[in-house]
Amino acid sequence: LLTNLTQRENVGYDYEAMYEYDSSNSTWTAQDNAKIMWYGSRENVFQATYPCYIKSGYTKLENIEFNKFMIPGYQNENSDSIPDWMRATANVARSNGALNLNFEHMLSKVTVEFDYNNITLDDKVVTDASVSKIFTRVQYCEAVTDADGKVTINPYQNTYYNTDGLYVWTTAQSDDTNNKKAYTTAIVAPGAYSKIAKVSVSCEGGSEEEIVLSLPNGITLEAGKHY
């Protein structure tokens with residue numbers, strides 16, 4: 001989603017367009033033939049946000065803004081949720097003839113692997129496990145930029161918390177039953193964490209339990225990094 005802020009300020013109208021990137025020939029195509037124009041010949045300020053639509057039907061996401069984003073609470077590689085929030089800015093004069101956008105990742109990626117080989121729970125051998133939930137600090141994020149250009153991700157409205165905290169459901173788990181490992185990946189908000197995931201565990205005798213994986217020393221996730 002590309003917006004010309006200079007046009008918005010001078011004309012009072014949102015000049016926005018959704019563009020789709022084709023990696024096969026490195027070209028951008030405007031949806032519905034919408035176009036973004038320069039305001040005069042002087043330098044214009046542009047903002048770009050990804051994602052701006054869901055996969056099927058190219059429907060514009062609700063409440064999409066440059067500074068605000070909602071992390072989907074249900075993430076699946078085959079679903080319509082595209083949680084990877086990226087942004088770019090550019091100050092360009094029309095005489096340059098091109099708009100180059102360098103996108104930055106605003107969120108963090110976490111992969112949790114649970115090794116249940118030779119593990120017991122309540123004196124019962126763990127026979128199967130799956131990582132179904134990964135914790136996230138907030139779901140509704142706001143990007144705040146300080147005077148030095150440093151960006152901080154903060155909550156911008158109240159978020160529902162259950163007794164364990166807020167987490168992302170992941171249904172694209174991978175299981176290596178031969179080596180007794182279960183793992184999954186989710187996009188979460190950057191920040192400090194002490195709890196990282198929930199794991200569903202099955203034991204001998206048919207008992208099942210959901211346990212929380214905690215980090216004794218905690219960890220601070222940075223935007224744009226995969227942990």
Colleague: Just to verify, what does Thr3 make a side-chain hydrogen bond (donor to acceptor under 3.5 Å, both in side chains) with, not counting sequence neighbours?
Modeller: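 Thr3 satisfies side-chain hydrogen bond (donor to acceptor under 3.5 Å, both in side chains) with Glu16 once adjacent residues are dropped.
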Colleague: Looking at Asn102, I'd like to know if its CG atom is crowded, meaning that more than 12 non-hydrogen atoms belonging to other residues, nucleotides or ligands lie closer than 6.0 Å.
Modeller: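 Result for CG/Asn102: open.
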Colleague: Taking only residues two or more places apart in sequence, or in another chain, which ones meet Thr89 in a side-chain contact (heavy atoms from CB on, under 4.5 Å)?
Modeller: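 Partners of Thr89 by the side-chain contact (heavy atoms from CB on, under 4.5 Å) criterion, ordered by chain and then number, come out as Gln47, Phe66.
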Colleague: Does Ile219 have any side-chain contact (heavy atoms from CB on, under 4.5 Å) partners at least two apart in sequence or in another chain, and if so, which?
Modeller: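 Listed in chain order: Tyr193, Leu215, Leu221, Tyr227.
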Colleague: Should side-chain heavy atoms under 4.5 Å link Ile, Leu, Val, Met, Phe, Trp and Tyr, which residues sit in the same cluster as Val45?
Modeller: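 Once heavy-atom contacts under 4.5 Å are chained together, Val45 belongs with Leu5.
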Colleague: Mind jotting down which residue pairs meet the ring pair (Phe, Tyr, Trp, His ring centres under 6.0 Å) criterion with at least one end in residues 24-45? Sequence neighbours excluded, please.
Modeller: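 For residues 24-45, and leaving out neighbouring residues, the ring pair (Phe, Tyr, Trp, His ring centres under 6.0 Å) pairs sorted by first residue read Tyr21-Trp28, Trp38-Phe46.
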Colleague: Which residues pass the ring pair (Phe, Tyr, Trp, His ring centres under 6.0 Å) test with Tyr15, sequence neighbours left out?
Modeller: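 Testing Tyr15 for ring pair (Phe, Tyr, Trp, His ring centres under 6.0 Å), a comparison that skips the adjacent residues, returns Tyr13.
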Colleague: Does anything in residues 105-120 form a salt bridge (charged side-chain N to carboxylate O under 4.0 Å, His left out)? List the pairs, not counting sequence neighbours.
Modeller: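 Qualifying pairs: Glu113-Lys181.
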Colleague: List the atom pairs, donor and acceptor, that lie under 3.5 Å between side-chain atoms in residues 118-126 and the rest of the protein, sequence neighbours left out.
Modeller:
none

Colleague: Going by an N to O cut-off under 4.0 Å, is there a salt bridge joining Lys133 and Glu210?
Modeller: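 So Lys133 pairs with Glu210 through a salt bridge.
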Colleague: Just to verify, what does Asn178 make a side-chain contact (heavy atoms from CB on, under 4.5 Å) with, not counting sequence neighbours?
Modeller: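 Here the qualifying residues are Asp176.
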Colleague: Would you please name every residue forming a salt bridge (Lys or Arg N to Asp or Glu O under 4.0 Å) with Glu222, sequence neighbours left out?
Modeller: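 Glu222 satisfies salt bridge (Lys or Arg N to Asp or Glu O under 4.0 Å) with Lys225 once adjacent residues are dropped.
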Colleague: Mind checking what makes ring pair (Phe, Tyr, Trp, His ring centres under 6.0 Å) contact with Phe114, not counting sequence neighbours?
Modeller: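 Partners of Phe114 under the ring pair (Phe, Tyr, Trp, His ring centres under 6.0 Å) test: none.
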Colleague: Return the set of residues passing side-chain contact (heavy atoms from CB on, under 4.5 Å) with Asn100 (not counting sequence neighbours), or none when no residue passes.
Modeller: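 Not a single residue meets the side-chain contact (heavy atoms from CB on, under 4.5 Å) criterion with Asn100.
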